[in-house]
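Along the sequence shown, the residues carry numbers beginning at 1.
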Amino acid sequence: MWEWLFGRKRPESKRGQDPPQVPGESPPGFTGATTIGPLVEEMKAKGYQGPFANLCDGIMVVTFHGPDVSLEPAWIEPVGNPFQMRVLNCEAFCRDSPMFALGEGADAINARCRQARDDPGGWRPPAAVPDAVTIPCLLSYPVNGERNPDGAQFLAEGMGDLWDIRQFDDHMYFSRSWTGQLRYRAKLLYRPGALFITEVQASRTRPKDVYRIAQDEELSVRQVDFLIKALLYRMEAPAPLPRGLSEERPGSLALFSLTEYGRWGWFPTFEDTTEYRICLNGVTGRFPPPPNHGALLSALRAVEGEDTPETRQQLYDQLRTGVLHLSFVVPE
């Protein structure tokens, strides 16, 4: 389905594995209220810390942390990581902190994930994103060929995968795998060797949790960008954190990253994660947007809406005010 850059096979995920299965019970990560006792005994015997009760997508879960997992992860300064951002080191936290849903919520998640895997073509996009706000943006990614086929691009394989990504009719849909809630719809623009996202529709409806996240349009775009890089391109990329959370509570930030991104949220940060890019020539790094980014985006959207000599001239004028950066790659 998705290939890695320029025809190279996408690497396998190095993210944490699903927790061990309790004999005679449901698949890994699913349990019921009556099986919590044996589950706790097994996890304790393996040296896991917990159980800790919390909510994920409004569903009650118990979480265990591996013997070597710190409940207060440390910050890594920009000079000490490839992202050139201040990130929280949640690699062990997200790799080895299995979550188990309880009771009827577990049964619903199990059924939904099994149906998605067994019938990946059965899902159809809804007419609209519920309670949506539209956010213009400009994100770019390299692709091999003209475009990717419609259908499932990424489906949850276990409890540690909290997102499903599908593509239909020049839009990409981002849904929560546990509940099926459609969170984002991104407008796609394919060009030879490149994929652009020019707009994100974000649902303002969030499930009940302990964070009470306020509407943040920048977070919506950053999450879409992160999910594409992490789940589709399998990049090790920084995960966006919402405003309003405190840097002084790293344990709370780590739990947010776990319940928002599952086994993929290794390096959460408050900085602009869209600046860490995979360029169209395959180069990765942090590249801040140019000063005229807003005006350039407006000119590009004008051409996309109505391609006329006047709108094209406005776009050319904006391009002339920018700076052209050249780079090269050494082929393998």
Quiz item: Can you name the salt bridge (charged side-chain N to carboxylate O under 4.0 Å, His left out) partners of Glu248, sequence neighbours left out?
Solution: none

Quiz item: If you look at every heavy atom in Glu72 and Pro250, which pair is closest and at what distance?
Solution: OE1-CG, 3.1 Å

Exercise. Could you walk me through whether Trp75 and Leu253 pass side chain to side chain contact (heavy atoms under 4.5 Å, CB included), step by step?
Key: CA-CA 11 Å; Trp75 288 96; Leu253 299 179; 3.6 Å; yes

Quiz item: Any side-chain heavy atom of Thr259 within less than 4.5 Å of one from Met99?
Solution: yes

Quiz item: Taking the side chain as C-beta and beyond, is there a heavy-atom pair between Phe267 and Glu91 under 4.5 Å?
Solution: yes

Quiz item: Closest heavy-atom contact between Pro51 and Val40?
Solution: CG-CG2, 3.9 Å

Practice problem: Check whether the side chains of Tyr190 and Asn148 place a donor and an acceptor atom closer than 3.5 Å, and report yes or no. | Solution: yes

Exercise. Please report the closest heavy-atom contact between Pro136 and Thr134, naming both atoms and the distance.
Key: CD-O, 3.9 Å

Exercise. Would you kindly say whether Asp225 and Tyr276 are connected by a side-chain donor-acceptor distance under 3.5 Å?
Key: no

Quiz prompt | Min side-chain heavy-atom separation Arg312-Asp307 under 4.5 Å | solution = yes

Self-check item: Min side-chain heavy-atom separation Thr269-Phe83 under 4.5 Å
Solution: no

Self-check item: Sub-4.5 Å side-chain heavy-atom contact between Leu55 and Met60
Solution: yes

Quiz item: Rounded to the nearest 0.5 Å, what separation is found between the OG atom of Ser97 and the CZ atom of Phe52?
Solution: 9.0 Å

Practice problem: Check whether any side-chain heavy atom of Cys279 lies under 4.5 Å from a side-chain heavy atom of Phe287, and answer yes or no. | Solution: yes

Quiz item: Can you check side chain to side chain contact (heavy atoms under 4.5 Å, CB included) on Met85 and Phe270, steps first, answer last?
Solution: CA-CA 9 Å; Met85 304 178 186; Phe270 287 103; over 6 Å; no

Exercise. Only counting residues at least two apart or in another chain, list the ones meeting salt bridge (charged side-chain N to carboxylate O under 4.0 Å, His left out) with Asp164.
Key: Arg166

Quiz item: At their closest point, which heavy atom of Pro268 faces which heavy atom of Gly265, and how far apart are they?
Solution: CD-O, 3.6 Å

Practice problem: Apply side-chain hydrogen bond (donor to acceptor under 3.5 Å, both in side chains) to Asn81 and list each qualifying residue two or more places apart in sequence or on a separate chain. | Solution: none

Quiz item: In Å, rounded to the nearest 0.5 Å, how long is the span from OG of Ser252 to CD of Glu247?
Solution: 12.5 Å

Exercise. Answer yes or no: is there a donor N or O on one side and an acceptor on the other, between the side chain of Lys44 and the main chain of Gly50, under 3.5 Å?
Key: yes

Quiz prompt | Over all atoms of both residues, closest heavy-atom pair of Leu162 and Gly262 | solution = CD1-N, 3.5 Å

Self-check item: Min side-chain heavy-atom separation Phe93-Ser257 under 4.5 Å
Solution: no

Exercise. Hey, could you give me the CZ/OG distance between Arg183 and Ser175, rounded to the nearest 0.5 Å?
Key: 10.0 Å

Exercise. Please check if atom CZ in Arg117 has more than 12 non-hydrogen atoms from other residues, nucleotides or ligands closer than 6.0 Å.
Key: yes

Quiz prompt | Side chain Arg176, main chain Glu260, donor-acceptor under 3.5 Å | solution = yes

Self-check item: Audit row: Met172, Leu232, side chain to side chain contact (heavy atoms under 4.5 Å, CB included) steps and yes/no
Solution: CA-CA 12 Å; Met172 199 170 282; Leu232 300 187; 4.0 Å; yes

Practice problem: Decide if atom CD of Gln313 counts as having more than 12 heavy atoms of other residues, nucleotides or ligands within a radius under 6.0 Å. | Solution: yes

Practice problem: Determine, stepwise, if the pair Arg234 / Phe154 fulfils side chain to side chain contact (heavy atoms under 4.5 Å, CB included). | Solution: CA-CA 11 Å; Arg234 301 290 171 88; Phe154 179 91; 4.1 Å; yes

Quiz prompt | Arg263 and Asp161 ion-paired at < 4.0 Å | solution = yes

Quiz prompt | Inter-residue atom distance Phe64.CZ - Met43.CE, 0.5 Å rounding | solution = 5.5 Å

Quiz prompt | Residues clustered with Leu182, ILVMFWY side-chain links under 4.5 angstrom | solution = Trp123, Val129, Phe168, Tyr173

Quiz item: Can you tell me if Gln49 uses its side chain to pair, donor with acceptor, with the backbone of Val69 under 3.5 Å?
Solution: yes

Quiz prompt | Leu88 versus Pro73, closest heavy-atom pair with distance | solution = CD1-O, 3.5 Å

Exercise. Starting from Leu155, walk the hydrophobic network (Ile, Leu, Val, Met, Phe, Trp, Tyr; side-chain heavy atoms closer than 4.5 Å) and list everyone else you reach, by chain and number.
Key: none

Self-check item: Short side-chain to backbone donor-acceptor contact, Asp57 and Ile59, under 3.5 Å
Solution: no

Quiz item: Quick one: does Arg86's side chain get under 4.5 Å of Pro78's, heavy atoms only?
Solution: yes

Exercise. Nearest 0.5 Å please: distance from the CG atom of Asn89 over to the OG atom of Ser70.
Key: 9.0 Å

Practice problem: Mind checking side-chain hydrogen bond (donor to acceptor under 3.5 Å, both in side chains) for Arg222 and listing every partner two or more places apart, or none if nothing turns up? | Solution: Glu218, Asp272

Exercise. Would you check if the side chain of Gln181 reaches a backbone N or O of Ser177 as a donor-acceptor pair within less than 3.5 Å?
Key: no

Self-check item: Straight-line distance of Tyr233 OH to Tyr141 OH, nearest 0.5 Å
Solution: 8.0 Å

Self-check item: Tyr261 side-chain N/O to Pro240 backbone N/O, donor-acceptor pair under 3.5 Å
Solution: yes

